[in-house]
**Q** 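Pasting a structure below so you can have a look.
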Amino acid sequence: MSMKRTSVKYISAAAIMAALATVDGWTARQSGHGAVFIGNAQARVGRPLTPAGVARRTTRRTIRRSAIYVAALPAACVKTSVSGTVLWQCGATYYQPYGGRYVVVYVD
């Protein structure tokens, strides 16, 4: 007997909540004011909290130096910043200033 009463209580509570949500939405539309129980839905623009989103934001690029040094940069190089390090990008090759010359670096 108590099992039936418990399930009836939960069904009654769910019905009351559904009725309140319906009336709340209806009165908000009629009055033009915001709802009392249920607020407006808002889209959140920004960082996703999924593991993939976190990994995408926290991935850092690795800069590895080679043993190739040049005295001057080739023509048409562009100064850029990778993970806070200043590099020169000349086509597909990156150079880093080092001791008055430039060393070829690999960006992973």
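Keep in mind that what you see is a predicted model, and the values were worked out from it rather than measured.
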**Q** Let me see the working for Ser81 and Leu87 under side chain to side chain contact (heavy atoms under 4.5 Å, CB included), right down to the final yes or no.
**A** CA-CA 6 Å; Ser81 176; Leu87 300 177; over 6 Å; no
**Q** Within the 4.5 Å heavy-atom criterion, are Thr80 and Tyr94 side-chain neighbours or not?
**A**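 Yes - at least one pair of side-chain heavy atoms lies under 4.5 Å apart.
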**Q** Evaluate the criterion side chain to side chain contact (heavy atoms under 4.5 Å, CB included) for residue pair Val107 and Thr62; output intermediate values, then yes/no.
**A** CA-CA 6 Å; Val107 178; Thr62 304; over 6 Å; no
**Q** Taking all non-hydrogen atoms of both residues into account, name the closest pair between Cys77 and Pro74 and its distance.
**A**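 Shortest heavy-atom contact: SG-O, 3.0 Å.
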**Q** Cluster partners of Val86, using ILVMFWY side-chain heavy atoms under 4.5 angstrom, listed by chain and number?
**A**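 Grouped by the 4.5 Å side-chain rule, Val86 forms a cluster of one, so the answer is none.
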**Q** Please check if the number of heavy atoms outside Tyr69 that lie under 6.0 Å from its OH is greater than 12.
**A**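 Yes, the 6.0 Å shell around OH holds more than 12 heavy atoms from other groups.
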**Q** For Val82 and Ile63, work out which heavy atoms get closest and say how close.
**A**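 For Val82 and Ile63, the tightest heavy-atom pair comes out as O-CD1, 3.7 Å.
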**Q** Which other residues belong to the hydrophobic cluster containing Ile68, where Ile, Leu, Val, Met, Phe, Trp and Tyr are joined when side-chain heavy atoms lie under 4.5 Å apart, directly or via other members?
**A**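 When side chains under 4.5 Å apart are linked, the cluster holding Ile68 also contains Val70, Leu73, Trp88, Tyr95, Tyr102, Val104, Tyr106.
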**Q** Among all residues two or more places apart in sequence or in another chain, which pass the side chain to side chain donor-acceptor pair (under 3.5 Å) test with Arg65?
**A**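 Testing Arg65 for side chain to side chain donor-acceptor pair (under 3.5 Å), a comparison that skips the adjacent residues, returns Gln96.
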